[in-house]
Amino acid sequence: EERLREYRRLLPGGDRAGALDGWFWDAVVLTAANDRQAETYVQQLDALHARGQLPGTRERYLVISDPPGPRVGSGGATLHVMLRLQALVGSGWSAKKLFLLHAGGYSGRSPAHGTLGKAFGQIPFDAAGVGVPATVLETQLVSFQELPSRLPSGIFVSSADVAVQFGALPRLGPAAIARAEQGILALAHASSVGVGTGHGVFVCDREQLDACVRGSVAGADAGDAAVACRRCLQKPSVAAMRGAGAVLPGPRLSGYAEGSAGEWVLTDSAFHVGAEACLALVAVAAAHPRAFAGVEVCAYGDLMQPMGEDADAGYLGRTDHVASLRSMRADTSDTSSQKDVSQTFADVSREAETKLRRARELLAGTMRGRPLLALPLVPSRFVHVGTMPELLQHCARDDDVLAAFPAPSAGIALGTWDVEKMDPGGGTSRMPSVGADGVWGAAPGVGVGSCLLASRVGRGARVGVGSLV
């Protein structure tokens with residue numbers, strides 16, 4: 001794949017390794033939940049860099065811990081990173097092109113990533129060409145390899161529990177680049193209406209969106225491939241999507257040669273915050289530190305929902321999808337014998353909701369009126385690997401995902417990607433097993449649909465069907 005070949009040119013030994021300016025991010029920043037997790041991330045970055053698996057000098061890669069105290073969410077972590085960069089190098093950081101990977105979390109739904117964090121979880125993909133599985137960090141660096149040369153200055157924000165697959169990246173014209181520097185440019189994917197209920201959903205002018213999608217499907221270099229968003233919904237109900245005009249007719253019904261007949265919506269994944277918007281966010285965060293302290297703010301919903309000509313302020317009071325507030329409410333629903341304790345939790349919950357609304361209002365005042373652009377990537381895949389069932393599905397069962405990630409050659413390193421060697425059934429099953437970066441005993445019995453990562457399987461040991469080891 002061309003994207004992978006170009007990425008490997010940036011690695012140590014590649015012909016672009018000594019001249020990365022304009023071809024790679026000026027800095028790669030990972031967030032961590034706390035200082036102890038940050039220490040682990042630093043050690044992992046040291047190891048990857050020492051093995052020649054990352055482009056550029058070690059100094060390009062930073063780890064910034066979230067502020068101590070209650071969780072601040074992806075939005076609070078983003079603001080904290082901006083403030084830290086401002087303190088370290090002054091306002092000049094906003095003139096750079098930065099990649100921000102949110103990796104601060106405890107992997108509660110994916111214990112396989114609990115030790116090293118999701119950013120360093122393994123994917124069946126040989127990014128560096130050295131015969132070992134890539135980390136999620138490397139996988140995203142490959143996927144977004146073209147962006148530093150295409151985007152204006154600012155921060156490109158992504159999450160460490162996803163992999164994004166797409167074809168040729170549409171080019172942005174001068175007008176789109178200028179607008180992206182003032183606001184937000186988001187990668188956008190065609191998803192089912194059901195998937196839309198768990199993600200951000202963009203509402204765009206249908207004619208403009210149709211023209212962009214047709215150009216993307218045809219591989220045309222249309223210039224301004226981005227489409228202006230009238231509104232962004234966050235984890236909306238089906239009724240809310242229909243009411244806002246976000247639900248689109250199936251591709252076949254719209255005259256596309258390929259695609260399903262089912263309805264679809266345009267959902268978010270990663271996004272770019274332009275330099276002007278970054279400086280405005282830094283200014284409001286620096287001016288109101290107490291308003292954001294210990295408040296769980298969403299980088300997706302709380303930055304994008306105030307944007308667009310049809311933005312609705314109704315989200316300001318919505319808290320049903322905020323994890324920290326949900327846990328508080330659960331604590332208040334106790335027995336009558338603990339009324340005093342329950343009342344205390346209720347008071348704390350109301351105070352937290354009031355603080356969240358204030359933080360959202362400040363962000364809305366900063367982002368309102370700024371351009372919100374979506375870059376439709378059609379076809380594309382947004383692969384979530386943040387839970388064990390999803391990791392197992394995409395690493396061992398989903399042929400489309402595996403085909404898009406070239407794997408190491410069989411027999412290289414300690415493990416193997418040879419399905420016939422891992423699966424005693426000869427690879428004839430619809431759900432072959434996959435193993436990587438481990439030590440396997442002679443002819444181990446591995447059940448179909450299983451995934452073994454960084455594991456030691458002794459002689460005569462058996463692994464059941466559909467297992468993640």
Side-chain angles (χ1 to χ4, degrees), residues 73-76 78-79 81-83 86 91 93-95 97-98 100 151-157 172-188 200-209 212 224-236 240-241 243-246 266-268 270-289 291-292 295 297-318 356-376:
S74 58
T78 300
L79 294 176
V81 165
M82 292 179 178
L83 290 169
Q86 184 93 349
S91 59
W93 69 268
S94 64
K97 298 180 182 181
L98 311 180
L100 173 57
L151 293 174
S153 302
I155 292 183
F156 186 76
V157 182
L172 298 172
I177 291 176
R179 299 191 72 199
E181 194 159 12
Q182 301 167 14
I184 287 179
L185 171 70
L187 305 187
V201 175
F202 299 114
V203 182
C204 309
D205 178 84
R206 292 202 176 188
E207 290 187 6
Q208 188 182 8
L209 176 60
C212 285
D224 274 341
V227 57
C229 298
R230 300 203 318 264
R231 185 179 175 189
C232 177
L233 309 173
Q234 185 66 19
K235 297 182 179 180
M241 285 186 276
L266 198 63
T267 58
D268 63 0
F271 64 96
H272 175 266
V273 186
E276 291 185 28
C278 285
L279 291 177
L281 288 168
V282 166
V284 72
H288 304 276
F292 293 100
V295 179
V297 176
C298 176
Y300 296 82
D302 294 330
L303 293 185
M304 293 192 218
Q305 285 187 102
M307 304 175 74
E309 60 186 49
D310 295 338
D312 186 349
Y315 78 93
L316 291 172
R318 183 188 172 195
L356 175 58
R357 185 180 182 96
R358 173 58 177 156
R360 284 175 169 174
E361 288 172 345
L362 289 169
L363 292 175
T366 303
M367 302 304 293
R368 187 180 297 115
R370 294 184 178 276
L372 175 60
L373 307 176
L375 185 64

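Reckoned from all heavy atoms, side chains included, excluding hydrogens, waters and symmetry mates. Keep in mind that what you see is a predicted model, and the values were worked out from it rather than measured.
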Point-to-point distance, once rounded to the nearest 0.5 Å, from NE2 of H272 to CD of E181: 8.0 Å
Under 3.5 Å donor-acceptor, R318 side chain and Q234 backbone: yes
Separation between CG of L209 and CZ of R230, rounded to the nearest 0.5 Å: 10.5 Å
Nearest-0.5 Å distance, NZ of residue K97 to CZ of residue F156: 13.0 Å
With D312 via salt bridge (Lys or Arg N to Asp or Glu O under 4.0 Å) - residues at least two apart: R231
Minimum heavy-atom distance M82-C278, with the two atoms named: CE-SG, 3.8 Å
V297 and L303, any side-chain heavy atoms less than 4.5 Å apart: no
Backbone N/O of T366 and side chain of R370: donor-acceptor pair under 3.5 Å: yes
S74 side-chain N/O to A299 backbone N/O, donor-acceptor pair under 3.5 Å: yes
Heavy-atom check, side chain of V203 versus side chain of D310, under 4.5 Å: no
Heavy-atom closest contact (L233 atom, A246 atom, distance): CD1-CB, 4.5 Å
Euclidean distance, Q182 CD relative to I177 CD1, rounded to 0.5 Å: 12.5 Å
Taking every non-hydrogen atom, the tightest pair across C204 and C229: SG-SG, 3.8 Å
Atom pair CH2/CG of W93 and L279 - distance to nearest 0.5 Å: 6.0 Å
Side-chain (R360) to main-chain (Y315) donor-acceptor, under 3.5 angstrom: yes
For P371 against M307, the heavy-atom pair lying closest together: O-CE, 2.9 Å
Gap between atom CG of L83 and atom CZ of F292 - 0.5 Å precision: 9.5 Å
Shortest non-hydrogen separation from L363 to D302 and the atoms involved: CB-O, 3.9 Å
